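Everything numeric here is computed off the predicted structure, so don't read it as measured data. Worth knowing before you read on, the calculation uses all heavy atoms, side chains too, and leaves out hydrogens, waters and symmetry mates. Each chain gets a letter, A, B and so on, in the order the sequences are listed, and its residues count up from 1.
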Amino acid sequence: MDLDQAKQTYIIEARELLDAMEEALLTVEETSDRSEAINAMFRAIHTIKGSAGLFGLDGIVRFAHTVESVLDRVRSQTLELTADLIGLVLGCHDHLALLIAGIQSEADPAPEVVAAGEQFLAQLAPYLGGGLAKAAPAGHASKASVPASGEAPGRDCWHLSLRFGRDVLRNGMDPLSFVRYLATLGEIVHLTSLFGQFPERDAFDPEACQLGQEIELDSPAERATLEDVFEFVRDDSQIRIIPPHAKVDDYIRLIQELPEEDRFLGEILVAGGCLTRRELEEALKLQRSEAGEEGAVPVRRLGAIVIQEHAVPPPVVAAALEKQKTFQDRQAQELRVVKVSAEKLDRLVDLVGELVIAGASAHAKAILAQGGQPHAAALLEATLTVNELVEEIRDNALSLRMVQIGETFNRFRRIVRDVSLELGKAIELEIHGADTELDKTIVEKLADPLMHIVRNAIDHGIEPVEVRRARSKPESGTLSLSARHESGSIIIEVSDDGGGLNKDRILAKAIERGLVKAGASLSDQEIINLIFEPGFSTADAVSNLSGRGVGMDVVRRNIDELRGTIEVETEQGLGTTLRMRLPLTLAIIDGFRVEAAGASYVVPLDVVIECLDLGPFLESEQNHLINLRGEVLPFLRLREVFQIPGEVPARERVVVIQHGELRAGIVVDRLLGEFQTVIKPMGRLFRRAKGIGGSTILGTGEVALILDVAQMVQLATERQVPDRKRTPILA
Amino acid sequence: MAELIKFSKRQTQSLATAQVEKREQYLAFTLGGETFAMDIRSIREVIQFGGITEVPLMPPFIRGVINLRGSVVPVIDLFVRFGRPACAVAHRTCTVILELAQGDSTAELGVMVDNVSEVLSIAASEVEPAPAFGSDIRAEFIAGVAKVGERFVILLDVNHVLSVDEMAALVG
Amino acid sequence: MLRIVPSTHEEEAACSLEGEFTIYEVAAAKAQLCAALDQASRLQLNLAGLEELDTAGVQLLVWLKQEAHRKGKKLSLFAHSPAVVGVFDLLQVTGRFGDPILIAPPVAPFVA
């Protein structure tokens, strides 16, 4: 077992556990079912402690143990979970995060960190009641009944017999850590350390471990828990565990299996309380007499002799054996999840992309191969089958990249709580659509813009309590994060019920900054959109948390890079909503090919509503409107938009597309059908390209351009306002 | 598309340092009757011109994009980029593929030329600064002029001619 | 880092062990302590300055006790620092050495 790799995994898992613990702490006050959240936070800290024990991370074990004890009291309802206690445990959570981050460097924690830890432990002390509780796994069985008379007093303990391998110390483990950890699982009633016979000076290797231990542990823990403690040394060492209330011959067998002398071991077991002296003497006496008769010591007969000779064997409590049951039940309930490296996933999606193109290419050639060629029909059918499978693989591969946005949203709970406390505002966070899935790359790149927007809402959007009161608003402001799918895109909204944006102030500032000429007439929406211009800020006071109002131009640039759009809706006094529209995935899409003036273009299939022939216009050509079964649909001609000269064909086709709530028709010469396509980046040179949202490589090897649907729809709609001057189509 | 010449990075570097007096290698090509040259170190390959997809509403020096082994690479018409009026008939037959380091990224670009002729080995001492007049090409595009035999060859400053930032700003 | 500071007075040698005494230090320590043991018939180890002790360190001390016995010498440990006392308690090896340990005032145990 690679210890370093395992440690890395531990760090990652510990962070996830800490996140779960934090979420439980933050939501426990809001939910009606508090016990679920309390169990969750207990489980998290319990697992962190247990795993730390495996790696000998004594500092973490020690700290986590105290926190766990406090939460155990909460869980058993002997301690109330007050708001103060939640705050304290949150602080402990942060400290644990520090300690876990420190594992990487393998250095001891800095003195300030140690001091901070001690302070937390001191603050936790009053909540401990009588003392540190012994940790217990959830749902543990109660201890077995009082042992029957005649039984050795230590027989209700676990007996651990440890003989550590020579390389244990060299591999970075230390038996001391195990002892410390076992002590948190219960009470160490008796412990004997054995070093065996050391070799001569020259032969003695001080780095080789020669330590063995016999331990009596009084603990309600399960066998699997105890076995797990020695996970990383079991390969090199001999670990034997005898459960409580085992039979005498179990101990005798142990004595025989161990390398040390029988009597010597027997004395240890007697000292530990597993055997009474009488039992030991009798067993050894019988063994000697047997040996005398036959001249050899039979290995396992001692156990058999003991059973036969004792008329009434010591009572073995069935419940004790029940505790040795495997932990299958527990494991079955956990979610079966596999961790995959992000690079491998990206590589897989790349390969799938290439596979899509190759499949299309094969299919194209199969079509060309038809007519007269033998097996042509079969080949065509075969390529169709292949492409269907490729489509399924593509969908599966892409779904691997999908993560729920809830993870990102949840991170804001803590920030909203902390920042609103610091600013003296009362803010409630609502989250909708947390299970909406989107591509992991998008989620990663959204984190920063979302943070900016949320901070703006908290800092400048939602008013302080007094102001809200004066405006007859509820004292607590509401910040809502929501996500949903809509016609091929994902919509993410950040809404607040704060003061809204002040149009007059924005306009004044824009004029002051030279972004707009004084006296220019702008629509309300145009004024609002000025906030996206670089160098713009209307924060009255500099909040020490986010500096000046954070640049919305940066936010928009980030959204642009994700091929998304962002818009603002605001009403003074009522609040503001920022709406981001993003494509579902950046990699592979289903496309619909069209041709205009001899060139082909691709429209993302998920925005296509329908296709039809272009009928008579509703109004004059100036306004470009179609009557579609009673609905008035604006349209634009691709060849006009792209200023491609040439004769307009007699019969044209319309592709009706939808973007958000708007619909428009794109008029083209021909419709060329559906196909899968891999989006290929075009490079920085085309960043400001008009009407084009990307490129793709067709099965024939040609490059086809993907239309920028948002621009198209917006353009078509804008041209309907009759009083606007005729401007070039794409300025 | 056939590959006419392919230069590997290692090759170009060893070529550059092979000569005794520090001579740089340049690829000479003709464009509209004139001879130009570019430093070989930026050149990845030369391919036959063809299979170009036009991108609408682009400045005229951006002719379109091609598929280069799965990557979409833009192709620039150098003649137009130099500000010369575009001919009705274009005699471009070759596309030179360049890999340029600009800012903190590398850009892959193709340039259309009439013909690729030869690899010239020019020492720094043989290069004269661009003439103040006589050329209607922007001064910063020219790294210098070299006399090779009887001809004058204009050495291009590729990073200026093909500055992605500058060209992108000219879009729209 | 481990510093071994020797001082000799006739047949009695004394060493102070200061710093950390863990797997990283034991290889070098073995040589130095053996050398100190060879120089006299009695060796006293002052452990007041030991800040950290792990199983390897304990093991070396146990071996050293055995080695002393083998060579007919006498080894004793004294002035056990709190770190040493803690580790000796956990491993229950105090009796093995037979050296008197000063019982320090009680400190808050973390468990048992």
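Each of A:Leu176, A:Leu191, A:Ile188 was checked for a side chain to side chain contact (heavy atoms under 4.5 Å, CB included) with C:Leu90, and the lone residue meeting it is A:Leu176.
Heavy-atom distances place the backbone of C:Leu53, and not its side chain, under 4.5 Å from chain A. Residue contact with chain C, scored on non-hydrogen atoms closer than 4.5 Å, is absent for A:Leu182. With a 4.5 angstrom heavy-atom cutoff, A:Gln213 touches chain C only via side-chain atoms. For chain C, the nearby part of A:Asp202 is the backbone; its heavy atoms alone come within less than 4.5 Å.
One finds the CD1 atom of C:Ile23 at 12.5 Å from the CE atom of A:Met173 (value rounded to the nearest 0.5 Å).
Contacts of C:Asp89 classified as side chain to side chain donor-acceptor pair (under 3.5 Å), with partners at least two apart in sequence or in another chain: none.
When every heavy atom of A:Pro199 is checked against every heavy atom of C:Arg70, the shortest pair comes out as O-NH1, 3.2 Å.
Summarising the local packing, CD of A:Gln123 is surrounded by more than 12 heavy atoms from other residues, nucleotides or ligands at distances under 6.0 Å. Within 6.0 Å of the CZ atom in A:Phe195, the count of heavy atoms belonging to other residues, nucleotides or ligands exceeds 12.
Looking at heavy atoms from C-beta onward, C:Lys30 lies in side-chain contact with A:Arg201 at the 4.5 angstrom threshold. A:Phe198 has its side chain within reach of C:Gln59: a pair of non-hydrogen atoms, C-beta onward, lies under 4.5 Å apart.
Taking A:Val168, A:Leu121, A:Leu169 one by one and counting their heavy-atom pairs under 4.5 Å with chain C, the maximum is reached by A:Leu169. Chain A forms the most heavy-atom pairs under 4.5 Å with one residue out of C:Ala56, C:Gly57, C:Ala29, C:Cys34, and that residue is C:Cys34. Of the residues considered (C:Leu91, C:Leu60, C:Val58), C:Leu91 shows the highest number of contacts with chain A, using heavy-atom pairs under 4.5 Å.
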